[in-house]
Amino acid sequence: MPFLHACVHYIDAFTERSGQLLAWLALGMALMTTLVVVLRYGFNIGSIAAQESVTYMHGSLFLLGAAYALKSGAHVRVDIFYRGFSGRTKAWVNSVGGIVFLLPLCIFILMSSWDYAGESWSMFETSAEPGGIPAVFLLKSLVPLMAITLALQGIAEILRNALILVEGEAP
């Protein structure tokens, strides 16, 4: 089982580092929003690109942060029954939930968004607003990337729970 432990470790490490980097976007969003407001109301200067940058950061934070939220246990969970389960039963619920719900959802999102992002890349889609960010294709690429990173962390969670079921302890 050392291979499975290593897989879980490396996926977790990737997700942890990604989540720590993404956390800085929250500060960036706050600073950029403050700048947009000060420029608009204090100096009567507007910037579509600055406003759109907040949207790009927001999209990046939430789409790419989904895997980190899964790793951290921050996703919404209805735990009326779950909280009373034993560690072994929780591992079964988490494994089955990951296999039956999470991974198929990630595959569906990836398949649904692939052409959407691909078409945007094929024309190097830009903002419809004059002065906007000329990289809408990058923003749209976050959707399939989210599906990939979330599926990767989902696999780590499934493996972690499988190890609990086999070995009786968390890796």
Side-chain angles (χ1 to χ4, degrees), residues 7-80 82 94 97-160:
C7 287
V8 170
H9 170 75
Y10 287 116
I11 294 170
D12 279 349
F14 171 76
T15 302
E16 186 69 31
R17 286 187 191 101
S18 299
Q20 290 169 351
L21 287 172
L22 286 167
W24 286 100
L25 286 179
L27 178 60
M29 284 172 42
L31 293 173
M32 186 57 74
T33 301
T34 302
L35 179 65
V36 167
V37 170
V38 168
L39 287 175
R40 180 183 301 151
Y41 296 109
F43 300 100
N44 202 26
I45 299 171
S47 172
I48 299 295
Q51 291 174 12
E52 286 185 357
S53 72
V54 174
T55 302
Y56 278 59
M57 287 186 274
H58 188 258
S60 299
L61 180 63
F62 281 90
L63 287 170
L64 299 180
Y68 182 74
L70 177 62
K71 180 188 175 299
S72 304
H75 281 271
V76 174
R77 179 188 305 249
V78 179
D79 66 349
I80 295 168
Y82 182 86
N94 293 336
I99 293 167
V100 173
F101 297 113
L102 179 61
L103 292 181
L105 175 66
C106 291
I107 291 167
F108 173 75
I109 292 170
L110 180 62
M111 291 173 57
S112 308
S113 64
W114 193 261
D115 287 339
Y116 173 72
E119 286 178 27
S120 186
W121 270 89
S122 70
M123 65 176 109
F124 290 105
E125 187 175 3
T126 63
S127 176
E129 300 294 326
I133 297 175
V136 172
F137 61 97
L138 292 176
L139 185 63
K140 288 185 176 182
S141 298
L142 294 176
V143 179
L145 189 56
M146 178 274 299
I148 293 167
T149 58
L150 186 59
L152 193 60
Q153 187 58 41
I155 290 167
E157 297 301 319
I158 292 166
L159 292 175
R160 181 185 342 276

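The first residue in the sequence is number 1, and the count goes up from there. Just the heavy atoms: all of them, side chains too, but no hydrogens, waters or symmetry mates, feed the values below.
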Determine whether Arg160 and His9 make a side-chain contact, defined as any pair of heavy atoms from C-beta on separated by less than 4.5 Å. no

Nearest 0.5 Å, please: how far is CD1 in Ile107 from OG in Ser112? 11.5 Å

Closest non-hydrogen atoms of Ser60 and Leu25, given as atom of the first, atom of the second and distance, are CB-CD1, 3.6 Å

Do the side chains of Met146 and Ile109 get nearer than 4.5 Å, heavy atoms only? yes

Check: Glu52 side chain, Ile133 main-chain N or O, donor-acceptor pair, under 3.5 Å: yes

Taking all non-hydrogen atoms of both residues, which atom of Val54 and which atom of Met32 are closest, and how far apart? CG2-CG, 3.5 Å

When rounded to the nearest 0.5 Å, the distance separating CD1 of Ile155 from CD of Glu157 is 11.0 Å

Contact check, side chains of Val136 and Tyr56, non-hydrogen atoms, under 4.5 Å: yes

If I compare all heavy atoms of Leu22 with all of Leu61, which pair ends up nearest, and what's the gap? O-CD1, 3.2 Å

Heavy atoms only: give me the nearest Ser141-Ala117 pair and the separation to one decimal. CA-CB, 4.1 Å

Interatomic distance, Leu142 atom CG to Phe62 atom CZ [nearest 0.5 angstrom]: 13.0 Å

How long is the straight-line distance from CG of Leu150 back to OH of Tyr68, given to the nearest 0.5 Å? 15.0 Å

Does any part of the side chain of Ile158, heavy atoms only, come nearer than 4.5 Å to the side chain of Leu103, both counted from C-beta? yes

From Glu16 CD over to Ser72 OG, what is the distance, rounded to the nearest 0.5 angstrom? 6.0 Å

With a 4.5 Å cut-off on side-chain heavy atoms, are Leu63 and Thr149 touching? no

Indicate yes or no for a side-chain donor-acceptor contact from Ser113 to the backbone of Tyr116 under 3.5 Å, with no hydrogens or angles considered. no

Take atom CZ of Phe137 as the centre, draw a 6.0 Å sphere, and report whether it contains more than 12 heavy atoms from other residues, nucleotides or ligands. yes

What one should report as the nearest heavy-atom pair of Pro104 and Ile99 is CD-O, 3.1 Å

Nearest heavy-atom approach of Asp12 to Lys71 is O-CE, 3.4 Å

So CG of Leu152 and OG1 of Thr15: to nearest 0.5 Å the spacing works out to 6.0 Å

